[in-house]
Engineer: 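Got a structure for you, questions after.
Predicted model only: the values in this text are computed from it and were never measured. Proteins get letters first, then strands, A, B, ... in listed order; numbering begins at 1 in each.
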Amino acid sequence: MSPSTRPLKIALIGNPNSGKSSLFNHLTGLNQKVANFPGVTVDKRIGSFRLSESSTATILDFPGLVSLYPSSEDEKVVIDVLSNPASEDYPDKVIVIADASNLKRSLLLLSQIIDLKFPAVLALNMLDVAKRKEIKINTPELKNVLGINIVEINARTGTGIKELKEVLSKADPDTKGIPVFSAKPLAPELLISICELMPLKNEYKAFLVAQQYSFLRSVPEEKKKKIEELCKNSCADLNKMHAQEIVTRYKIIDQIISKVVTTGNGTVDKEFSHRLDNILTHKIWGYVIFLILMFIIFQILFEGAAYPMKMVEIFFSYLPGVIHDILPSGILTDLFTDGIVAGLGGVIMFLPQILLLFAFIAILEETGYMARVSFIMDKLMRSFGLNGRSVVPLLSGVACAVPSIMATRIISNWKERLITIFIIPLMSCSARLPVYTILIALTIPDKKMFGWINLQGLTLMGLYLFGFIAALLTAIVLKIFIKTKEKGFFMMELPVYRTPRWKNVFVEMMEKARVFIFDAGKVIVAISVVLWVLASFAPGDTFSTIEQEVKNTPQFSGMNEQDIQKLIDSRKLQESYAGIIGRSIEPIIRPLGFDWKIGIALITSFAAREVFVGTMSTIYSVSGSSNETKTLQEKMRAERNEKTGLPVFTPATAFSLMIFYAIAMQCMSTLAVVFRETKGWKWPLIQLFYLSALAYIASYCVYRILI
Amino acid sequence: MNFIRFYEICTLMRTAANLKTGESAIIDHFSDSEVSLKLMEMGCLPGEKIRLERIAPFGDPAAFWVSGYCLLLRLEEARTIILDESKVYN
Ligand SMILES: Nc1nc2c(ncn2[C@@H]2O[C@H](COP(=O)(O)OP(=O)(O)OP(=O)(O)O)[C@@H](O)[C@H]2O)c(=O)[nH]1
Ligand SMILES: [Mg+2]
């Protein structure tokens, strides 16, 4: 185990919202999500960095912990690693990151880490906040009492990182830390027998195993049974021992604090956040401000993004023609322009909107406003079987359901968590934004109400509200059906207000843009290619038959060359493989007002919703001539029903389609993450069935009403 | 919860949920051992001063100032914190 053969493994441990992920990003150059809310990181994440000239180290970012006694799923991840020396993530060293403005609570966790005999370094963070609160810490003295190395850092700006690396790269045998709490006197026999059984050397570790064996993944079943027996026989009151531990630790911590920390009154800052809280959590203004904020965001999503979107759209409408001129004509060029460029262009167009959406979410999270929203919403949420902590996952469901479903790990009550997971897909995610935008633009006039409210933006907000209301109603139903005896905690720290760190907001935006373009892009390109093939070929010699037929029909002979070509193309599409698939599901979707071309898009959307727009543009590119420079929107507007000659995208069809997309569970990744988080297929399948049925019924009703 | 309410009334003990906005008191003990563990870890220890900062619009949850920071608790959680009446704070 010499350091030259294996990089040093370092774990980042600390209270929720203490700056672990910020420090992790500075060390590794990765973009772990940072936000001013306790419980942002819910899973471990590994990274590596250059520790010194000659060595590298791996570092693990963990979810925040209050103590080594976990009460929710995200916290258990940490205990699983720390209690299992066989784990590949088991650290050689631990950085405990402490919020200097709230040192007392940080020291509880630190003292537990020291008692587990991990070589620890204390990274003293948020000194700027402490300074504003007029809290002074005597670092050398603190180092003396704790017996470990201390580095003052600022995880936001990156100050102190160099010193931290220096301290980490030194093997310092005499800074192991002075033990704080001795568990042995509380239950000597029990701890000795557990030490023998496991086997363990450290009594405090045995103490933790005694309290938590039931959910530790590293303890094999037969040992769990033995420990259970041992605990029963010893008659030890484990809860009481836990309480004694906390009281003892805090007694010692209080002594330390009184020695090293001096507190002024720091009134200026408190006064300010108190005033702000008075408004933001006010019984009327609190909700009004929340709604106004949402309203402004949706207005800007339409107004602000319109211009850049137009540019991208125009660019992509000219691109196929240009490529056709440059490349030799042939089947591969057709595939490239009509398949890939059309499919990708259809989606990249929405990048400006998606970037704006993520910027807004990042700003709301960075300021600490989200925590205030949880506070004013908890009571309301509880009447729907949810938790105030459901608010943040639900709101970030507007970005993407997958990370939001993972974020529900901070909800400790299983019932509340399950309901939250179940309804998150009803929040309109950013993948639906392109679908909504293009359909709204087709049906709602670009007019201003009262001269300043953008009607299209208002409709968009209506769709998001519709999803939210459907989510709440679903929650009520679930609340009746799911039973639990478990108690739900709310208990959380209200974070201080912070000005957003613009770099974080920017990084978050870029990260999301990258994911959007590359991850969604891959799926879209793949599907576009498959779709192009399906739409360009037909069984047997159907295509040549069509050509013959059209040319030989006397009615058409009077038409000009172009119109005949158009007619042939659309007939071909209809008879192609894609057309066959689309027309075979048409009877099912006819009652919702969809034709077979929309049917094809519905099928491809099951990979991911944003594929809708790509599919539409691929289908219309195949059937249209390639030198046309129409935008997708113009093509959709021009689309006529083959039989009746009426426009396909009437308001009834467009709204029915929007409602369908607002509800339907058309996302493989969401199903997969629900499977993982609920540990089985039961809930994802119920969810899929329920949401599909609901989408169908709701779309049907909307279509009937509007037609 | 009903049992705890009943217990409160019988013994006439004041809990953190009975505090008025801006009022402070000293924590004496807890009436629910499971919740108390979590509370103590968060710094609500017997002997510690606790102040009710504000109550959320629908009467629940509430924000308390305790051991140097602002802690959000539901009323049912706050109700398990029994106050020490012998020491009065303003
Ligand atoms: N003022 C100040 N803010 C900081 C400092 N370090 C981090 N922050 C901010 O603190 C907030 C929380 O930072 P994160 O890095 O997400 O904290 P975390 O420990 O990973 O949080 P969880 O994953 O939720 O446990 C963010 O808003 C950061 O910008 C600091 O030294 N000073
Ligand atoms: Mg984090």
Engineer: Can you tell me how far apart OG (A:S67) and NZ (B:K38) are? Round to the nearest 0.5 Å.
Structural biologist: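 A:S67 OG to B:K38 NZ: 6.0 Å, rounded to 0.5 Å.
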Engineer: Select, from B:P46, B:A62, B:G59, the one with the greatest count of heavy-atom pairs under 4.5 Å involving chain A.
Structural biologist: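 Highest number of heavy-atom pairs under 4.5 Å: B:A62.
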Engineer: Between A:I135, A:L494, A:T263, who has the most heavy-atom pairs with chain B when the cutoff is under 4.5 Å?
Structural biologist: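 Looking at each option in turn, the highest pair count goes to A:L494.
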Engineer: Would you mind telling me which of A:V66, A:L380, A:N15, A:D277 has the largest number of heavy-atom pairs within less than 4.5 Å of chain B?
Structural biologist: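 It is A:D277.
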Engineer: Got a sec, which residues hit salt bridge (Lys or Arg N to Asp or Glu O under 4.0 Å) with A:D115, two or more places apart in sequence or on another chain?
Structural biologist: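 A:D115 satisfies salt bridge (Lys or Arg N to Asp or Glu O under 4.0 Å) with A:R249 once adjacent residues are dropped.
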Engineer: Measure distances from A:N239 to the heavy atoms of chain B and classify the residue's part below 4.5 Å as side chain, backbone, both or neither.
Structural biologist: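 It is both, since atoms from each part get that close.
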Engineer: So which of A:H282, A:H274, A:R105 has the biggest tally of heavy-atom pairs under 4.5 Å with chain B?
Structural biologist: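 Top option by heavy-atom pairs under 4.5 Å: A:R105.
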Engineer: Is it the backbone or the side chain of B:I55 that comes under 4.5 Å from a heavy atom of chain A, or both, or neither?
Structural biologist: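 For B:I55, backbone heavy atoms alone lie under 4.5 Å from chain A.
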Engineer: Does a side-chain heavy-atom distance below 4.5 Å link A:N278 with B:R54?
Structural biologist: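 Of all side-chain heavy-atom pairs linking B:R54 with A:N278, at least one is under 4.5 Å.
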Engineer: Using a 4.5 angstrom heavy-atom cutoff, name the option from B:C70, B:S33, B:P57 with the most pairs to chain A.
Structural biologist: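 If we count pairs closer than 4.5 Å to chain A, B:P57 comes out on top.
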Engineer: Quick check: are there more than 12 heavy atoms from other residues, nucleotides or ligands sitting under 6.0 Å from CH2 of A:W414?
Structural biologist: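 Yes, enclosed.
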Engineer: Please answer whether the main-chain N or O of B:D60 pairs with a side-chain N or O of A:K379 as donor and acceptor at a distance below 3.5 Å.
Structural biologist: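 Looks like no, no N/O pair under 3.5 Å.
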Engineer: Using non-hydrogen atoms only, which part of A:Y69 is less than 4.5 Å away from chain B: side chain, backbone, both, or neither?
Structural biologist: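 Its backbone and side chain both get close to chain B.
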Engineer: I need the minimum non-hydrogen distance between B:G68 and A:K133, along with the two atoms involved.
Structural biologist: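 That would be O-NZ, 3.8 Å.
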Engineer: Taking NZ in A:K131 as the centre, count heavy atoms belonging to other residues, nucleotides or ligands within less than 6.0 Å. Is the count above 12?
Structural biologist: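 It does not: A:K131 NZ has 12 such atoms or fewer within range.
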Engineer: Starting at CG of B:L45, measure out to CG of A:D254 and round the result to the nearest 0.5 Å.
Structural biologist: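 With rounding to 0.5 Å, CG (B:L45) is 7.5 Å from CG (A:D254).
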Engineer: Quick one: which of A:K240, A:M492, A:M377 has the most heavy-atom pairs under 4.5 Å with chain B, could you say?
Structural biologist: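 Of the candidates given, the most pairs with chain B belong to A:M492.
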Engineer: Within the 4.5 Å heavy-atom criterion, are B:R74 and A:R382 side-chain neighbours or not?
Structural biologist: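 In short, these two side chains touch, coming nearer than 4.5 Å.
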Engineer: Considering non-hydrogen atoms only, spot the tightest contact between A:M491 and B:E77 and give its length.
Structural biologist: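 Smallest heavy-atom distance, with atoms named: N-OE1, 3.4 Å.
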Engineer: State whether the side chain of A:E493 and the backbone N or O of B:Y69 hold a donor-acceptor pair below 3.5 Å, judged by distance alone.
Structural biologist: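 Such a contact is absent between A:E493 side chain and B:Y69 backbone.
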Engineer: Quick one: closest heavy-atom pair of B:P61 and A:F490, and the distance?
Structural biologist: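 That would be CG-CE2, 3.7 Å.
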Engineer: Sub-3.5 Å donor-acceptor pair from the side chain of A:Y250 to the main-chain atoms of B:E41, do we have one?
Structural biologist: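 Such a contact is found between A:Y250 side chain and B:E41 backbone.
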Engineer: Under 4.5 Å heavy-atom distance to chain A, tell me which part of B:L37 shows up: side chain, backbone, both or neither.
Structural biologist: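 For B:L37, heavy atoms of backbone and side chain both lie under 4.5 Å from chain A.
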Engineer: Measure A:I376 against the heavy atoms of chain B and call it side chain, backbone, both or neither at under 4.5 Å.
Structural biologist: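 Contact with chain B is through both the backbone and side chain of A:I376.
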